[in-house]
Visitor: 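First, the structure itself, so that you have it in front of you.
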Amino acid sequence: MPPKTTVQQFAPRLIAWQQQHGRHHLPWQVADPYGVWLSEIMLQQTQVATVLDYYPRFMAAFPNVQALAAAPQDAVLSLWQGLGYYSRARNLHKAAQQVVADFNGEFPCTRPQLERLSGVGRSTAAAIAAFAFGQRESILDGNVKRVLCRVFAQDGDANSKAFNDTLWALAESLLPPAAADMAAYTQGLMDLGATVCKRSKPLCNACPMADVCQARVQNRVAELPRKKAAVAVAVLPLYWLVLRRADGALWLHKRPQKGIWGGLWCVPCVPSLAQAEQWLAKAGLNLADMSEGHTISHRLTHRLLQITPLVCDFRLPENSAIIERDGEWVAKADLAAYGLPKPLAAYLAEIR
DNA sequence: AAGCCGGGGCA
DNA sequence: TGCCCAGGCTT
């Protein structure tokens with residue numbers, strides 16, 4: 001049981017702190033639920049600094065939910081290029097169509113209804129409900145978990161449902177009573193975690209909770225929240241078959257919606273030289289036609305891709321089976337309209 | 001409950 | 001290099 005006084009003081013202190021020291025000029029701090037929703041999706045597992053780069057371009061291209069719903073998926077994915085977790089973009093697009101079709105083009109205002117939208121879970125739904133509609137719903141993201149684990153000295157297995165449920169219950173017990181405070185309160189949770197109660201080197205001297213923070217009292221700030229068990233990083237070889245026409249056009253195909261880089265456009269991609277050979281044979285080519293580029297290391301959260309480009313500058317054989325395949329020649333000038341995996345975009349920029 | 005999904009910031 | 005970030009979906 002957390003100390004009662006700490007629970008009582010949490011919200012008013014946080015709100016006062018946010019108003020004085022929090023962030024107030026982020027471009028998505030608007031009344032428009034569409035803008036709030038877009039920012040929340042972009043900010044999933046992505047830092048503010050990164051989103052600041054993408055959000056304005058996306059809003060300019062799709063200023064409202066109707067525009068987004070009507071766009072082709074590739075237009076959405078190309079604007080998402082480089083942000084990662086591309087299922088977010090696919091779900092975002094789908095959710096826009098849900099809002100238009102199921103909610104008459106108006107965002108729903110309650111958390112349960114918001115959770116029906118693709119890509120919107122409990123925390124994101126709560127954020128939209130709180131920011132755009134003043135609903136008394138609590139978020140629980142990485143920042144909030146860290147703040148709560150410290151202020152209330154919560155020591156548990158971050159992967160366990162039981163511990164997660166405890167944190168949800170704690171978060172809800174802390175909500176301010178007044179709807180009018182929900183925006184500042186919710187923003188305060190995020191701001192405190194991001195700028196003061198940081199993962200490493202937290203600025204406890206600047207923290208409004210310093211005198212009641214149980215982790216601080218117990219001298220356990222550095223050990224809470226407890227780290228998750230480390231995930232093994234698998235090293236995976238990958239070969240890119242870069243087929244380039246004399247005019248510079250590249251052979252690309254749209255990747256399946258599921259799996260890595262889902263829905264993005266990419267050069268053919270195989271895990272072994274044997275499979276590269278098989279693929280090439282169907283296009284009337286073989287490994288001897290390919291020149292090997294330098295290997296690119298691309299690290300994801302849980303895997304390390306070792307990508308070796310195999311490049312062929314060739315004139316397409318008249319009867320090559322490649323023209324029967326699921327893919328197309330893409331002119332250099334048109335590449336910007338195609339969402340590409342980050343390392344491929346970087347590689348293509350490098351070889352021009 | 002566990003696995004999957006990108007890319008980047010930071011120490 | 002390891003860890004984590006305004007998480008959610010699938011199995």
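Order of the sequence lines fixes the chain letters, A, B, ..., with proteins taken first and strands second; residue numbering starts at 1 for each chain.
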Visitor: Take atom P in C/dA6 and the same atom in B/dC4, then report the distance between them in whole Å.
Guide: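 After rounding to an integer number of Å, I get 24 Å for this pair.
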Visitor: Quick check on A/E106: does its CD atom have over 12 non-hydrogen neighbours (other residues, nucleotides or ligands) under 6.0 Å away?
Guide: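 Count not over threshold, so no.
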Visitor: For the pair made of NZ in A/K227 and C1' in C/dC5, what is the distance, rounded to whole Å?
Guide: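 Going from NZ in A/K227 over to C1' in C/dC5 covers 14 Å.
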Visitor: Rounding to an integer number of Å, can you tell me how far A/L340 CG sits from B/dG6 C1'?
Guide: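 Distance, rounded to whole Å: 14 Å.
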Visitor: Reckon A/R90 touches a base, only the sugar-phosphate, or nothing at all at heavy-atom distances under 4.0 Å?
Guide: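 Counting heavy atoms under 4.0 Å across all strands, no contact is made by A/R90.
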Visitor: Distance check, P atoms only: B/dG6 and C/dT11, in whole angstrom units.
Guide: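 B/dG6 and C/dT11 have their P atoms separated by 15 Å.
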Visitor: Starting from the 5' end of DNA chain C, give me the residue, A/T124 or A/P225, whose nearest nucleotide shows up first.
Guide: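 Nearest-nucleotide comparison on DNA chain C picks A/P225.
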Visitor: Rounding to an integer number of Å, can you tell me how far A/I128 CD1 sits from C/dG8 C1'?
Guide: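 Atom CD1 in A/I128 sits about 13 Å away from atom C1' in C/dG8.
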Visitor: So A/L140, base contact, sugar-phosphate only, or nothing? Heavy-atom distance under 4.0 Å.
Guide: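 The residue A/L140 makes no contact with any strand.
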Visitor: In whole angstrom, what separates A/Q44's CD from C/dC4's C1'?
Guide: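 Value for this atom pair: 15 Å.
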Visitor: Using modelled atom types and a 3.5 Å cut-off, is there a donor and acceptor pairing between side-chain atoms of A/H93 and backbone atoms of A/A71?
Guide: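 Present.
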Visitor: Could you check whether A/S123 gets within reach of a base, just the sugar-phosphate, or nothing at all, counting any heavy atom under 4.0 Å?
Guide: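 Touches sugar-phosphate only.
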Visitor: For A/L304 and B/dG7, what is the distance between atoms CG and C1' respectively, to the nearest whole Å?
Guide: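 Going from CG in A/L304 over to C1' in B/dG7 covers 14 Å.
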Visitor: Heavy-atom count check: over 12 atoms from other residues, nucleotides or ligands less than 6.0 Å from A/N104 CG?
Guide: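 Open: at most 12 neighbouring heavy atoms sit under 6.0 Å from CG of A/N104.
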Visitor: Just the rounded figure in Å: distance from P of C/dC5 to CG of A/L189.
Guide: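 Rounded to the whole Å, the gap is 14 Å.
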Visitor: Over how many whole Å does the gap from A/K228 atom NZ to B/dA2 atom P extend?
Guide: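 The answer, rounded to whole Å, is 12 Å.
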Visitor: Under the side-chain contact (heavy atoms from CB on, under 4.5 Å) test, which residues partner A/N64, sequence neighbours left out?
Guide: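 Expected list: A/Q66, A/A67.
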Visitor: Determine whether A/L170 and A/L14 fall in the same hydrophobic cluster, where Ile, Leu, Val, Met, Phe, Trp and Tyr are linked whenever their side-chain heavy atoms lie under 4.5 Å apart.
Guide: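 Yes, same cluster.
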Visitor: Base, sugar-phosphate, or nothing: which does A/W80 touch, judged by heavy atoms less than 4.0 Å apart?
Guide: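 No contact at all - A/W80 keeps every heavy atom at 4.0 Å or more from the nucleic acid.
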Visitor: Check nucleotides 9-11 of chain C for protein N or O atoms closer than 3.5 Å to its own N or O atoms and list the pairs.
Guide:
from  : atom 1 : to     : atom 2 : distance (Å)
C/dC9 : OP1    : A/G119 : N      : 2.9

Visitor: Working note: A/C269 + A/W240, criterion side chain to side chain contact (heavy atoms under 4.5 Å, CB included); need CA distance, chi angles, decisive distance, verdict.
Guide: CA-CA 5 Å; A/C269 200; A/W240 279 346; 3.7 Å; yes
Visitor: Expressed in angstrom and rounded to an integer, what is the separation of A/M42 atom CE from C/dG7 atom P?
Guide: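 In whole Å, C/dG7 P lies 15 Å from A/M42 CE.
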Visitor: Going by salt bridge (Lys or Arg N to Asp or Glu O under 4.0 Å), A/R122 matches just one of A/E137, A/E172, A/E115. Which one?
Guide: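 Passing option: A/E172.
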Visitor: How are the rings of A/W261 and A/H298 set to each other: parallel, tilted or perpendicular (split at 30° and 60°)?
Guide: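 The rings of A/W261 and A/H298 sit tilted, inter-plane angle from 30° to 60°.
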Visitor: Categorize A/V48 for me: base, sugar-phosphate, or nothing, with a 4.0 angstrom heavy-atom threshold over every strand shown.
Guide: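 Touches a base.
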Visitor: Look for any protein N or O under 3.5 Å of an N or O in nucleotides 8-11 of chain B and output each such pair with its distance, or none.
Guide:
from  : atom 1 : to     : atom 2 : distance (Å)
B/dG8 : OP1    : A/K342 : NZ     : 2.9
B/dG9 : O4'    : A/Q47  : OE1    : 2.8
B/dG9 : N2     : A/R199 : NH2    : 3.4

Visitor: Quick check against the 3.5 Å criterion: does A/R150 have a side-chain atom that pairs as donor or acceptor with the backbone of A/L224?
Guide: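 Looks like yes, one N/O pair under 3.5 Å.
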Visitor: Looking only at the side chain of A/L43 (C-beta and beyond, no hydrogens), which of the listed nucleotides B/dC5, C/dA6, B/dG7 gets closest?
Guide: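 The closest nucleotide is C/dA6.
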